[in-house]
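Computed from a predicted model, the values in this text were never measured in an experiment.
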Amino acid sequence: MLTGKKILIGVTGSIAAYKVAYLIRNLIKQEAEIKVIMTSASCDFISPLTLATLSKNPVAIEFIKNAEGEWENHVELGLWADLFIIAPATANSLSKLVSGNCDNLLLATYLSARCPVWVAPAMDLDMFTHFSTRENLAKLSKEGVRIIEPTHGELASGLEGQGRMEEPEKIAELAKDFFTIKSVLKGKTVLITGGPTYEAIDPVRFIGNHSSGKTGILLADECAKRGAVVYLVTGPTRFTVKDKNIHVIAIQSANEMYEAVQEVWPKANLGIFSAAVADYRPETPATSKIKKKSNELTLTLVKNPDILSWAGQNKRDAQTLVGFALETDNEIENARGKFERKNLDLLILNSLNDPGAGFGHKTNQVTFIQKNNKLRKFELKEKGLVILDILDEIETIIE
Ligand code: CTP
């Protein structure tokens, strides 16, 4: 139930506006409080009276609400809401949201809103795939606006493709999940590194490693499921994230990963560094393909930046930092040293000595190293379950 939750629904001018009646009805049934703002264009598609009746509140459309010149307070509306869902969101409105245009009440309210904002785009398939729409959605997503992806199917134009607004039942379900998630990760910004790095030798060859990138992907999906805003900086991987709202920053080299981490870490509450970063890179990658002229080839390697150490050195008090280590000898002692040196709050130790753990296995065995010599060793488990253990532990230490 959504008892007492205040949801503001913004309706823009698309044929999908009729679906919003079902969304409002669903949320009201779950005992949410609903207020509706409509653009004047949307009033051609569904009557304000219908939405006012369903939401049990007057619908706001213009800045001036009546003949007495009474003002519709967009700031108050923006601050009232626990969640603002703009559904349907047209290509035109998406573009205005990005540019900061506020020539109608809905847009002005968006600029004033402090709560999470979701948009459910609805438009014809070519409008949806147009570069301008893609860019606008990417910019909104980068700023934390959740995109409820439109679905595939028959469109009002008669064409088939992606552009149908997500079904009202599904949007209501997402809202319910949002309000019922209890995790402390909800609303937190999480930076995850994952995958291998590729260090160029020449334009076609590189030094890499066997990391599949799966751990980073699983961590990202689970953090998103627990309500976090997730940035995943990952080296090449064949796996993809399930949650479309995860910001995936695909990189190749350690230096590229370092650059991306430097940008995201200052705004993150939590960092989980699972990447298998190459410790060294060729000093000067050849600009054209190296020919096999001589019998020997010597490459000079130089050290890569230690990205996790940088994050540890630049960690604020309220930030939590988690690293991984793979050890073969003096495991606990080495891991403790790493924990201190890199200024971590939690270190996940993978031991190559444990049968069934490490590269190429579906299972893993980990030990958690924490402050005050706290140590916790887990059983051999399926990798997905190890991820749950890691995040459950993080939830107990995050501020
Ligand atoms: N890491 C990093 N940047 C690097 C190297 C490592 O961010 N250039 C991170 C990894 O993502 C991981 C942790 O640091 O979280 C691993 O630490 P590292 O010192 O590389 O451990 P090992 O790989 O075990 O290295 P070694 O024992 O050779 O020092």
Residues, nucleotides or ligands: over 12 heavy atoms within 6.0 Å of Lys176 NZ: no
Side-chain ion pair, Lys303 and Asp279, N-O less than 4.0 Å: no
Test item: Ser93 side-chain N/O and Thr90 main-chain N/O as donor-acceptor pair under 3.5 Å: no
Salt bridge present between Arg226 and Glu395 (N-O < 4.0 angstrom): yes
Partners passing side-chain contact (heavy atoms from CB on, under 4.5 Å) against Lys377 (at least two apart in sequence or in another chain): Asp354, Gln365, Thr367
side-chain contact (heavy atoms from CB on, under 4.5 Å) partners of Lys342, counting only residues at least two apart: Asp306, Leu308, Ser309, Lys338, Leu344
Results of ring pair (Phe, Tyr, Trp, His ring centres under 6.0 Å) for Phe378 - residues two or more places apart only: Phe368
By side-chain contact (heavy atoms from CB on, under 4.5 Å) - contacts of Gln319 (at least two apart): Trp265, Lys315, Arg316
Cys43 backbone acceptor or donor facing Ser47 side chain under 3.5 Å: no
Over all atoms of both residues, closest heavy-atom pair of Ala120 and Ile171: CB-CD1, 4.0 Å
Lys5/Glu33 ion pair, N-O < 4.0 Å: no
Contacts of Thr133 that satisfy side-chain hydrogen bond (donor to acceptor under 3.5 Å, both in side chains) - sequence neighbours left out: none
Atom of Ala200, atom of Pro285 and distance for their closest heavy-atom approach: O-CB, 3.5 Å
Side-chain heavy atoms of Thr109 within contact of Leu111, under 4.5 Å: no
With sequence neighbours excluded, residues passing ring pair (Phe, Tyr, Trp, His ring centres under 6.0 Å) with Phe179: none
Partners passing salt bridge (Lys or Arg N to Asp or Glu O under 4.0 Å) against Arg25 (at least two apart in sequence or in another chain): none
Val145 to Asn245 - nearest heavy-atom pair and separation: O-OD1, 4.2 Å
Under 3.5 Å: donor-acceptor pair, side chain of Asn209, backbone of Ala276: yes
Those residues that, when tested against Val264, pass side-chain contact (heavy atoms from CB on, under 4.5 Å) (two or more places apart): Leu191, Tyr231, Ile249, Lys267
Any donor-acceptor pair under 3.5 Å from Ser141 side chain to Leu137 backbone: no
Salt bridge (Lys or Arg N to Asp or Glu O under 4.0 Å) partners for Glu31, two or more places apart: none
Set of salt bridge (Lys or Arg N to Asp or Glu O under 4.0 Å) partners for Asp243, sequence neighbours left out: none
Thr193 side chain to Ala275 backbone, donor-acceptor under 3.5 Å: yes
side-chain hydrogen bond (donor to acceptor under 3.5 Å, both in side chains) assessment of Asn364 paired with Asn350: CA-CA 8 Å; Asn364 205 1; Asn350 290 292; 2.9 Å; yes
Non-neighbouring partners of Phe178 that pass ring pair (Phe, Tyr, Trp, His ring centres under 6.0 Å), sequence neighbours left out: Trp118
Results of salt bridge (Lys or Arg N to Asp or Glu O under 4.0 Å) for Glu70 - residues two or more places apart only: Lys65
